[in-house]
Amino acid sequence: MPGIRTVGRPMNIKEKWYLFEIAKGMMVSIRHLVSNIFHQDRMPTLQYPEEKRVLPERFRGRHRLTKREDGTPKCVACYCCQTACPADCISIEAGERPDAGEKVAVRFDINILRCVFCGLCVEACPVDAIRMDTGKYELSSDSRKKLIYDIDTLLND
Amino acid sequence: MAKFTLNGVEREVPDGINLIEAALLSKVRIPHYCYHPGLSPEGNCRMCVVEIEGIPKLQTACTTLVADGMVVETESEKVIQERTEVMEFLLRNHPIDCPICDQAGECGLQKYYMEHGLHDSRVAVEEKILKRKRVDLGPLVVLDSERCILCSRCVRFCDEVAGVRELVLANRGGRSEITTFPGRTLENPYSGNVVDICPVGALTSKDFRFKVRVWFLKTADSICPGCERGCNIYLEQYQNEVQRIRPRANPDVNRWWICDDGRLDYKWINRDRLLRAEGEAGTHPPERADEEAARMLKEASSVLLVASPRSSNENLFALKRFRDAALPRAALVGGSFRKPWEEDRILKRPDRNPNRKGMELLGLSGDLEGALRTGPECVLVVENDLLGDRPELADLLRGKKLIALASNRDATAEAAALRIPVCTYAETEGSWTNFEGRTQAFRPVLKAVGESRPVFRVLEGIARALEASLAWSDFETLRAETFQAAPALGGLARTSGGGAHAL
Amino acid sequence: MLFDLLLPVLFALVAAFLPLMFVPLLVWGERKAAAFIQDRTGPNRAEVLGIRLGGLVHPFADVVKLLGKEDWTPERVNRFYYNLGPFLALFISMLPFAIVPLADSLSVGGRIIEMRAVTLNVGILFVLAITSFHVYAIVLGGWGANNTYTLIGGMRSAAQMVSYELAMGLSLIGVLMISQTLDLGAIVRQQGGLLFGFLPRWNVFLQPLGFLLFLIALFAETNRNPFDLPEGESEIIGFHVEYSSMRFAFYFMGEYIAMVAGSAVIATLYFGGWQVPWLGTETLRANALLAARVLLVLIAVFGVLAAVLFRSYGRRLRILYRDRRSREAKVLGAASIFVAVLALLALAFLSGIRPLGAQILVAAVQFLFLVAKILAFGFLFIWVRWTLPRFRYDQVMGLGWKSLVPLGLLNIAVTGLVLLGID
C-alpha cells in the first residue's frame with residue numbers, strides 16, 4: 001500500500017526454530033502461574049462485591065439533578081445537556097413554572113442504557129443542575145424500563 | 001442607477017434604496033435590529049451605523065438612501081467600535097435568560113454579541129432594571145419586557161401592516177417598554193408576525209412556548225394550505241412532528257407575513273392520522289389495501305372519482321392518468337364543499353382550498369354534487385373530506401361503496417368502506433397553483449407517517465392490481481409530465497426563498 | 001463364565017467414564033491456570049454450602065447452566081447432520097481410551113486379565129483411524145448448521161487434520177520400528193527397563209524428535225491452541241457457533257476428552273504408559289508391603305501439609321468476607337487431617353499383603369502413575385494454550401507440510417540407520 005512501509009526484523013537461526021522462543025514464552029507464563037499460586041495476596045484482582053476500588057474524586061457516576069434551597073429542581077429545561085449529549089440519552093419536556101414565570105422540566109429522562117458517561121451534559125449545564133458526582137456505578141437492572149431514570153429518581157440520587 | 005463605493009469597491013445599485021439594501025446587493029451584511037424591509041425605517045437601534053465620507057458623524061444605514069458618488073465604509077475601526085458599544089448598551093438591562101428563552105438559537109442579541117460584542121458585562125445582575133416578565137399580550141403572543149431592546153418593529157407592524165394601533169412604547173429612558181393600551185390585547189389576525197420580526201426574545205409565541213429548542217428543528221420550504229393565496233412558509237419539524245410554521249418572504253405573494261390562522265394550521269398534520277389501511281375486515285398491509293380497492297372498483301357497475309382542490313397538481317394529474325389507464329368508464333369530478341372564510345385586505349382569500357386554480361387548469365372541475373346524485377355504485381375520494389365539509393351528504397352517499405384516500409381520520413375516512421392512508425403536504429413533494437395562477441412547489445419535511453404513501457403511489461398500486469400500466473419512476477418524472485400535459489399551470493414559479501427577515 | 005462376561009462390560013464402563021471424569025478437572029484447570037498466568041484469580045464464586053474448592057465447583061455449575069439453557073435449533077439446518085455432529089464429537093473422542101492399557105495385566109487363578117477394554121493387536125492403527133475420524137464431527141457440525149462461518153470453521157479443521165494426520169503417522173513409525181509391534185500393551189511393557197543404566201527406557205528418550213513431532217501433530221489434531229483455527233473465537237469463526245445447551249456441551253466435552261485421550265496415547269507411546277519409573281512390575285509386587293507403607297506415609301504427609309495450607313488460607317478468608325465462606329477452610333482442613341489420621345491408622349495396622357492384594361495394589365499404583373502422566377500432559381495443553389498466540393492459517397499449513405512431514409521422514413531414516421547400526 002502506498003505510504004505504508006513494512007519494517008521486518010530478520011529472525012536469527014535460533015528464532016527461526018521457534019522451539020527456543022516457545023520455551024522462553026512458556027517459562028514466562030509458568031513463572032506467573034507459580035508466583036500467583038504462592039502469592040495470591042499480591043494479585044491485583046479485587047474480590048468485587050466485598051472489596052471495592054476507591055473512586056477518584058472526579059469519577060463520573062450516575063447522574064443526579066440538584067435542587068434549590070427550597071427543594072425545587074434547579075433545572076430550567078434549557079435543553080443544553082440534551083443538545084450536548086453525544087449518545088442522545090437525555091430527553092426533556094419543558095413546562096411553565098407557575099410561581100416565577102420560568103421554564104421548568106416537567107419530564108427529565110436519562111436513558112442510562114445509552115449514556116456513555118462522557119460528562120458533556122454536566123459541562124453544558126448553565127445552572128449546575130446536573131451532576132455526575134454520585135459515585136454510583138452499579139447500574140444493572142432486570143428491565144430496560146427501570147434503566148430510564150425519570151426526574152424523581154434523578155432528583156433523589 | 002446610482003454609483004457608490006462600498007468598502008473601497010465601486011458598486012452600481014438602483015436609486016432610492018437605503019444603504020442596508022444596497023450593501024446586501026453586494027453581499028455585504030450591515031447588522032441591524034430595528035430595520036425591516038417590510039416596515040418604515042426608524043433608525044433607533046443604532047446598530048447599522050456606517051461611516052460615510054464627508055459626514056463627520058456615523059450615519060444609520062437604514063435611514064440613508066444611497067446616492068451617486070457616496071463613499072461608504074461598513075467595517076472601519078470607528079464603525080466596529082460603535083457597534084460594540086451599541087451592543088453593550090442594548091445588553092445593559094438584558095436578563096441572563098438564554099437558558100429559558102425560546103428565542104435562544106435564533107436571537108439577534110446572541111448573534112451580534114458573538115459577532116460584534118464579546119464584552120464582559122460591566123453591570124452586575126442585581127443592578128439591572130427589572131421589568132415585567134411573562135406579560136400576556138394576546139391570544140398568541142407573550143411579552144417579556146426585560147428582554148426587549150425597544151426596536152419598535154412590532155409597533156410599526158401593527159400600525160403599518162395590520163392596520164391596528166394595538167402596541168405602543170410607554171414610559172421613558174431605561175423604563176421604556178412595549179405595551180398594549182390598558183385593558184386591550186394584541187388580537188389582530190396577524191399578531192403572530194410580531195414574534196417573527198422581534199429580533200430578540202421579548203415577543204414569543206404562546207403556541208410554540210417551551211415546546212422545543214429551535215436548534216433541534218429541521219426546516220423545509222413549503223406553502224400554506226390554508227387558502228388560495230398560497231403564502232410561502234417554512235415548515236419546521238422535530239421528532240417527525242410539525243412544531244411550527246413561519247412565513248417565508250416572497251414579495252409577490254405574502255411579502256414577509258402570514259395570518260394567524262395559517263400559522264396555526266399544522267396541528268392536524270400531527271393529530272388523528274390514519275396510520276394503516278383499514279377495511280371492513282380490519283387493517284391491511286399496503287399491497288392488500290391496493291388489491292382490495294381494485295376489487296371494489298372492478299366490481300362496481302359505475303364509479304365516481306372525486307378529486308380535491310387540496311391535492312397537489314401532480315396528484316391530480318396522477319388521478320387523471322389513473323382514470324384514463326385503469327378505469328376509462330369512471331367519472332372524474334373535482335370540487336370541495338369547504339366553507340369559505342372572510343376575506344381581508346391583507347392576505348386572506350375567501351376560498352380555503354390551496355389549489356382550486358390548479359384543479360381548474362387541469363380540467364378537473366365540474367358539478368360534484370350533481371355527479372354524486374347520479375348514483376355511482378362506488379366512490380373513490382382522494383384527499384377530500386366531503387362529509388366533514390358538508391355532513392348532509394351522508395344521505396346521498398348512503399349505500400355507496402366509499403373508498404377514501406385520506407391522511408387523517410376525518411368524517412369521510414371514517415364513513416369509508418376502505419380507507420388508505422396517504423401523505424400530507426408536509427411529507428411529499430408537490431405544487432399548488434394559487435388564485436393568481438402562480439404554481440408554487442412545496443417540499444417534504446416529515447417522513448411519511450405510519451404506512452401512508454403519496455397519493456400517486458397509491459394510485460399506481462391500485463392500477464397495478466387492476467392490471468393497468470401506470471408507473472412513474474420518481475416524483476420528478478410525474479411533475480414533468482404534469483407540467484407538460486397542462487401548460488396552463490405555467491411551470492414552477494420562482495420563489496425568493498428569503499427568510500422572514502428577522503435580521 | 002459370569003466373570004468372563006462382566007469383565008469386558010466393566011472395562012467398557014471404565015473406558016467410557018474415565019475420560020468423562022477428567023473433563024471437569026481439566027476445565028477447572030484450564031480456567032484456573034489461565035487466570036493465574038494472566039494474574040487473575042479465576043473462578044472462585046460457585047459454592048455448595050460454602051464449599052468452593054478454589055472454583056472446582058464451577059464445572060458442575062456449568063453443567064447445570066448448560067442443561068438449563070434453551071436447546072435452540074436454527075432454522076434451515078440439516079437436522080440429521082446438525083444433531084449427528086456433537087454426538088460424534090463426544091463419542092469418537094472417547095474411543096481411544098478403549099485400547100489404552102491402564103495397568104499391567106493381572107493373573108488371577110491362572111487367567112490373564114488385560115487391564116483395558118479392548119485388546120487389539122493393531123492398537124496404533126486404531127488410534128490413528130479414530131482420531132482422524134474426529135474431523136467428521138467438526139465438518140458435519142460446520143456443514144449441518146448451514147452457516148457460512150461454521151462452514152469455514154469446519155473446512156479449516158478438515159484441511160488441518162488431513163495435513164497433520166500425515167505428520168502424526170510418520171512420527172509414529174519410529175516407535176513402531178523400535179517396538180516391532182502395533183499392540184499398545186506390548187509397547188508399554190517394552191518401556192519397562194532402564195536406558196544407559198539410569199534413564200527409564202521410555203520411547204521419548206529413544207525417539208525425541210518423533211515425540212516432538214507427534215506432540216505438535218497431536219495439538220493440531222485436537223484443535224488446541226496454537227492450532228485452534230476451527231474455532232478461532234476472535235474471528236468468530238467456529239464450527240459450533242450455531243450450537244447451544246447440551247449440544248454445545250458435547251462439542252465442548254469432546255474437545256477436552258480428545259485432549260485426555262491424546263494425553264493417554266502420548267503417555268502410552270512415549271512415556272511408558274502405566275510404567276512406574278525405575279520400578280518394574282515384578283519389583284513392585286515383591287515389595288508390595290513397603291510400597292503400601294510409603295504410599296500411606298505420603299498420604300499422611302500430604303494431609304497434614306494440606307491442613308496447614310488451609311489454615312493460613314482460612315485466616316485470609318475470615319478477614320476478607322466474614323461470612324459462611326470462611327467455614328470452608330475449616331471443613332477442608334478437618335477433612336485432610338482426617339485423611340492423614342486414617343492413613344496413619346492404616347499404616348499402624350498394616351502387617352502383610354497377600355499375592356492377589358499385591359497385584360491389585362501394584363495395578364492401582366500403576367494406574368495412578370498413568371493418570372498422573374495424563375494430567376501432566378493435560379497441563380501442558382493448558383500451559384501452551386495460554387502462552388502461545390494462534391497460528392495464521394497459512395502458517396499452520398506451512399508448518400505441517402514443510403517442516404513436520406520432512407522431519408518425520410528424517411526421523412524414520414535416522415531411526416532405521418541406527419537400528420541397522422545396532423544390528
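Keep in mind that this is a model prediction, so the values were computed, not measured. Quick note on labels: first sequence line is chain A, next is B, and so on, each numbered from 1.
Under the 4.0 Å criterion applied to side-chain N and carboxylate O atoms, B:Asp97 and B:Arg147 are assigned as salt-bridge partners. Salt bridge B:Asp144/B:Lys131: absent, no basic N to carboxylate O contact under 4.0 Å.
A donor-acceptor contact closer than 3.5 angstrom is absent between the side chains of B:Thr180 and B:Glu166.
Using cut-offs of 30° and 60° for the angle between ring planes, the B:His119 and B:Tyr113 rings count as perpendicular.
A distance below 6.0 Å separates the ring centres of A:Tyr137 and A:Phe59.
The ring-ring contact (aromatic ring centres under 6.0 Å, His included) pairs that include a residue from residues 168-192 of chain B number zero, where partners must be two or more places apart or lie in different chains.
For residues 68-89 of chain A, heavy-atom neighbours of chain B at less than 4.5 Å comprise A:Val76, A:Ala77, A:Cys78, A:Tyr79, A:Gln82, A:Thr83, sorted by residue number.
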